[in-house]
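A quick note: this is a predicted structure, and the numbers were derived from the prediction, not measured. Note that ligands are numbered from 1 as they come in the structure, with each ligand's atoms numbered from 1 the same way.
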Amino acid sequence: MTEQHKDIYPVRDEFAQQAWIDRDAYQKLYRQSIDDPDSFWAEQAKRIDWIKTPTKIKNTKFSASDVDIRWFEDGTLNACYNCLDRHLEKRGNQTAIIWEGDDPKDDKTLTYRELYERTCQMANALKELGIKKGDTVTLYMPMIPEAAMAMLACARIGAVHSVVFGGFSPDALAQRINGAQSKVVITADESARGGKFVPLKDNVDAALTRDGTDVVESVLVVKRTGGEIDWNERDIWFHELVDKQDKDCPVEEMAAEDPLFILYTSGSTGAPKGMMHTTGGYLTFAAITHQYVFDYHEGDVYWCTADVGWVTGHSYIVYGPLANGAITLMFEGVPSYPTPGRMGEIVDKHQVNILYTAPTAIRALRAHGDDVMASSKRESLKLLGSVGEPINPEAWEWYYRIIGNSKCPIVDTWWQTENGGILISPLPGATDLKPGCATNPFFGVKPGVVDNDGNLLEGATEGNLVILDAWPGIARSIWNDHERFIQTYFSTYDGMYFTGDGCRRDEDGDYWITGRVDDVLNISGHRMGTAEIESSLVAHEAVAEAAVVGFPHDIKGQGIYIYVTLNDDFDPSDELKKELVQWVRKDIGPIASPDVIQWTPDLPKTRSGKIMRRILRKIAANETEGLGDTSTLSNPAVVEELIANRVNR
Ligand code: 6R9
């Protein structure tokens, strides 16, 4: 996907001089982190305030028969304490969160002390609702400070949060509430995004009519827009319960390996997986990566544009920055509202120094032309970051030149929900940049490239990206399904964590991520399993069979292309196409909106009945020249027909 680029942007001396990590430090520390992980991570654990300092550092097993990952296992700590309490003395009056509303007139800041007091009140409120250590709480919230507080309040009392992205449908929410068995759901009346209101509370009400959600006893509702909502017996206004609580709340002492949160993510098969992250290793890894990858220094204003519903929001809006005592900006809206120049205007307004966003946002801005940034100067910026999908060199150059005024290094950070934090990325004071290249592994990360048989490849090569040993931030399991965890990540190549991504390693040893090699789509940086969309479609009465593939899309990176075979009683029509699009949007959420539907009497299958997605992908991408060997198909004739009826977009 990303073409190898000749341009190199060398580390600037001025940057290296003030950076935490320069070239020599990177080489030295990286070697130590791989050769002697115990000493490296024992040292790094000092960035955390432990209740009981760990003496056992790494104790991890990666094998198809046994996966057991423990870091700092005899240590105890509290994540909320590390994000709030310990900063009070030195920076109680410093801003912790800058909140920028959807409407440019709305903003506010919270100091560390204010965030601490509100979080304690919220923790006390959760206790009043009967939440105890080990219980789960589901959050379905707008991008407002209460979302961060709710996460931290859970952490404070040892509850496990499960944040569900506010763009998911009631069914998707119900599935996740059921999976986590949460007694309490925290939401808001509505969220405001791009001038539109999303009925979060109505969605919760709808979700709670679905099977398996009886477990929910209380719904805590933040009043955000004042929009009209139904009221049920289980509903409680957030302000009524929280405002009256005490502003102090003792922290729960957690073992390093106690769960901190669950976060659902899509895989290539079946229902979304609740990735389970634990406390000590995750927090250490979020903090160290936030400091070094973004070269965060005291007082820097840092803005990650992700939503807290995704892992990037967890690690790089909340836990990493707050553990480091940073100033973290939280934006409620979308970068293009009310005008396409909004992102730059926010940078100027709050004097943002570090901006971390996604390629899809950059491509959408670039499509407006270079003048789109004319309403802002962005002189405060010193570093840019990218995450979520491969960034094409053209978007990279535009980001560098137009947004960053040709003076800010770009860190292209590759990682996944399962990883807890950044695994492959330049360090801005140490790494020469290549547009579109994620470059080097972070400390403690040992990547490898394997062929389809699992043979490790040496030197400059291309293949499947694996990680050969455990790092502190890796998820420990899938919630309530350790077998599936092993099966999904450790059984493809025994003894290695399989990422599901393809990559190329160039002559300099730099890693270029080429995108997913499994049946996971990446739509505007949002992960989605083809299996989820397919099972939604076949639940429609008209659909006999459906196959979903991604195709290259200028703005979204990938679009959703669907091949549908109808049941005998139904005829193809534009109305039916519209109905199916609405069906999937309603079932999963607007992020799963299909771009193209092609009717077909049949799907290409192997003799054992497996759909040949490789062929469907090529047709969707209009690469019908090299379809490869189709002779093993049970129905080779269908391929001609599919090509002839391909839908252009
Ligand atoms: C953090 C996050 C993970 C998938 C991952 C890969 C893609 C993320 C990338 C990237 C190329 C980058 N991805 N960052 N691909 N370059 N810098 O996005 O987590 O939502 O779990 O997605 O996203 O394909 O496997 P998640």
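Looking at T312 next to ligand 1, no N or O pair under 3.5 Å apart turns up. Residue R516 places at least one N or O, backbone or side chain, under 3.5 Å from an N or O of ligand 1. For a threshold of 3.5 Å applied to N or O pairs, the pair formed by Q416 and ligand 1 contains at least one separation below that value. Of the N or O atoms in V311, none lie within a sub-3.5 Å distance of an N or O in ligand 1.
Of all atoms in ligand 1, numbered sequentially from 1 with element shown, those under 4.0 Å from a heavy atom of P390 are 11 (C), 15 (N), 16 (N). Proximity to T413 (heavy-atom distance under 4.0 Å) selects the following atoms of ligand 1: 9 (C), 12 (C), 14 (N), 17 (N). Interface atoms of ligand 1 facing V387, defined by a heavy-atom separation under 4.0 Å, are 1 (C). Residue-ligand proximity, T417 to ligand 1, at heavy-atom distances under 4.0 Å covers atoms 19 (O), 20 (O), 21 (O), 26 (P).
Counting heavy atoms of neighbouring residues, nucleotides and ligands inside a 6.0 Å radius, atom CG of D554 does not exceed 12 of them. Sparse packing is recorded around NZ of K586, with 12 or fewer heavy atoms of other residues, nucleotides or ligands lying under 6.0 Å away.
By the criterion of a heavy-atom distance under 4.0 Å, the side chain of N522, and not its backbone, is placed next to ligand 1. Within the 4.0 Å heavy-atom criterion, the part of E389 lying near ligand 1 is the backbone and not the side chain. Contact annotation for I513 and ligand 1: only side-chain heavy atoms (C-beta onward) come within less than 4.0 Å of the ligand.
For the pair R47 and Y292, the cation-pi test (distance below 6.0 Å, angle within 45°) is passed. Figure legend: cation-pi geometry between R176 and F168, with NZ or CZ positioned under 6.0 Å from the six-membered ring centre and within 45° of its axis.
In this structure, Y319 and H161 have parallel ring planes: the angle between them is below the 30° cut-off, well short of the 60° mark.
The two atoms that bring D508 and K434 nearest to each other are OD2-NZ, 2.6 Å, heavy atoms only.
Side chains of D451 and N464: no donor on one and acceptor on the other come within 3.5 Å.
Every heavy atom of W310 sits 4.0 Å or more from the atoms of ligand 1.
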